[in-house]
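Down below is the structure, laid out as structure tokens.
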Amino acid sequence: MGGLARMEQAAQAQALRVAGLVPEGRAPMPDGLRSIVLLAPDEPAFWPRFTQSPEYRDGAPDPMDRWSMRVIGALAEELGAQALFPFGTQPPHPFYTWALASGRVWSSPVQFLVGADAGLWASYRGALGLAEALAPLPEAAKPCDACAQPCATACPVAALTPAGYDLAACHAFLDTPAGQDCMTTGCAVRRVCPVSQALGRDPAQSAFHMRHFHR
Ligand code: B12
């Protein structure tokens with residue numbers, strides 16, 4: 001089995017999905033690396049897998065980051081790769097730039113990443129850095145080009161629009177009764193994307209992230 005196919009299979013066994021590949025030359029990467037394989041939650045398998053993990057159940061802080069370190073760390077060891085995470089380094093690894101360089105994710109009308117598979121639920125648990133040069137994955141078509149772009153006007157308080165992200169207005173809204181819809185089912189902008197709706201992500205997962213984002 002080829003390098004990427006082996007990685008896809010190993011990732012899927014952990015409820016993760018190969019969401020993109022950054023080939024050498026398209027974006028900066030740590031010294032010694034020539035390809036980066038981006039790993040995203042594989043929906044709908046990811047959430048039940050994560051909630052059964054010791055990290056979710058032990059009550060200690062940052063369970064999902066700790067799950068990612070254990071699971072992606074083991075994958076990296078198995079595959080002879082370097083584990084890279086969107087958290088824990090200063091400056092952070094440039095996951096937003098890597099996502100754009102994969103050719104399967106774009107800047108949406110509201111600037112958040114939009115993925116061919118995940119829509120506005122695009123997010124990463126980590127990546128595998130490889131010393132070998134892998135060929136890029138086939139490019140996908142940007143879904144927004146053929147979309148009415150309901151994301152542009154979905155935020156109830158216009159905190160997230162094509163004009164930018166007013167983080168203070170978002171957090172203030174999340175403290176109100178009307179904001180509980182976003183708190184319990186996920187950001188209204190990210191939810192309204194037709195590609196997001198097809199992903200089958202459990203709203204409980206979105207609520208988990210919102211509690212982390214707005215605490
Ligand atoms: C800091 C950060 C934030 C800060 C941003 C503060 C600020 N003003 O910078 C805050 C706390 C606001 C934030 C919020 C969220 N974030 Co955030 N965040 C990050 C983080 C950890 C670091 C970004 C960074 O500085 N990178 C370092 C620079 C050097 O590299 P870079 O990322 O390539 O830099 C580019 C981007 O920063 C981009 N950029 C600059 N300004 C903005 C503004 C926006 C709105 C966006 C989308 C991009 C962007 O331009 C840079 C050059 O290309 C990244 C993870 C990572 N390691 O990248 C996640 C990351 C970007 N966030 C992510 C997510 C999912 C979220 C949330 C949706 C979390 C949630 N609720 O679940 C929220 C958004 C709230 C919502 N409405 O739901 C995802 C993807 C986002 C996406 N889909 O576009 C990432 C990649 C993390 C992940 N694990 O997948 N985040």
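Whatever order the structure lists ligands and atoms in, that order sets their numbers, starting from 1. For reference, positions follow the sequence shown, starting with 1.
Protein heavy atoms are found less than 4.0 angstrom from atom 71 (N) of ligand 1. Not a single protein heavy atom sits closer than 4.0 Å to atom 41 (N) of ligand 1. Within 4.0 Å of atom 29 (C) of ligand 1, not a single protein heavy atom is present. By the definition of a contact as any protein heavy atom under 4.0 Å away, atom 14 (C) of ligand 1 is in contact. Within a 4.0 Å radius of atom 20 (C) of ligand 1, the protein has no heavy atom. For atom 7 (C) of ligand 1, the nearest protein heavy atom is 4.0 Å or more away. Atom 53 (O) of ligand 1 lies below 4.0 Å from at least one non-hydrogen atom of the protein. Contact annotation for atom 58 (O) of ligand 1: protein present (non-hydrogen atoms, distance under 4.0 Å).
Checked against the 6.0 Å centroid criterion, the rings of F85 and Y124 do not qualify as a close aromatic pair. Ring to ring, F87 and H93 are not that close: their centroids are 6.0 angstrom or more apart. Between F46 and W67, a ring centre-to-centre spacing shorter than 6.0 Å is recorded.
In this comparison of M64, H212, H93, R191, the heavy atom closest to atom 56 (C) of ligand 1 sits on H93. If you check each of Q205, R190, H209 against atom 67 (C) of ligand 1, the one with the closest non-hydrogen atom is R190.
Residue-level proximity to ligand 1 for Y165 is carried by the side chain, the only part with a heavy atom below 4.0 angstrom.
Minimum interatomic distance between C144 and P109 (heavy atoms only, all atoms of both residues): SG-CD, 3.8 Å. The two residues V22 and A27 come nearest to each other via the heavy atoms CG1-CB, 4.0 Å.
Partner C155 forms a side-chain contact (heavy atoms from CB on, under 4.5 Å) with one of V110, V192, V189 and no other, that one being V189. Between S102 and the options L38, L21, L137, a side-chain contact (heavy atoms from CB on, under 4.5 Å) holds for only L38.
Side-chain contact between E132 and R34: absent, with no pair of heavy atoms (C-beta onward) separated by less than 4.5 Å.
Atoms of ligand 1 found under 4.0 Å from any heavy atom of S123, numbered from 1 in the order shown, are 90 (O). Near L167, meaning under 4.0 Å from one of its heavy atoms, ligand 1 places the atoms 12 (C). Interface atoms of ligand 1 facing M210, defined by a heavy-atom separation under 4.0 Å, are 71 (N). The P86 neighbourhood of ligand 1 comprises atoms 21 (C), 55 (C), 56 (C), 57 (N), 89 (N), with distances under 4.0 Å to a heavy atom of that residue.
Here I36 contributes atom CD1 and L134 contributes atom CG; the two are 11.0 Å apart, rounded to the nearest 0.5 Å. Rounding to the nearest 0.5 Å gives a distance of 9.5 Å between OG of S68 and CG of L39. Separation of atoms CD (E24) and CG (L130) is listed at 11.5 Å; rounding is to 0.5 Å.
Nearest protein neighbour of atom 37 (O) of ligand 1, counting heavy atoms only, is Y96 CB, 4.6 Å. Ranking the protein heavy atoms by distance from atom 11 (C) of ligand 1 puts F213 CE1, 4.2 Å first. With respect to atom 74 (C) of ligand 1, the closest heavy atom belonging to the protein is F112 CZ, 3.4 Å. Ranking protein heavy atoms by distance to atom 89 (N) of ligand 1, first place goes to Y124 O, 2.8 Å. The nearest heavy-atom contact from the protein to atom 23 (C) of ligand 1 is P92 CG, 4.6 Å. Among all protein heavy atoms, the one lying closest to atom 78 (O) of ligand 1 is C187 CB, 3.7 Å. At the shortest separation from atom 44 (C) of ligand 1 among protein heavy atoms lies Q111 OE1, 4.5 Å. Ranking the protein heavy atoms by distance from atom 34 (O) of ligand 1 puts T97 OG1, 4.0 Å first.
Contact check on R17 versus D117 returns a salt bridge, with a Lys/Arg side-chain nitrogen under 4.0 Å from an Asp/Glu carboxylate oxygen. Taking 4.0 Å as the cut-off between side-chain N and carboxylate O, D65 and R70 do not count as a salt-bridged pair.
Some N or O of L113 is nearer than 3.5 Å to an N or O of ligand 1, by distance alone. Checking only distances, L160 never comes within under 3.5 Å of ligand 1, N or O to N or O.
If you check the side chains of R191 and S196, you find no donor sitting under 3.5 Å from an acceptor.
Ring orientation note: the planes of Y56 and F208 are tilted relative to one another, at an angle of 30° to 60°.
The closest approach between any non-hydrogen atom of A122 and ligand 1 is below 4.0 Å.
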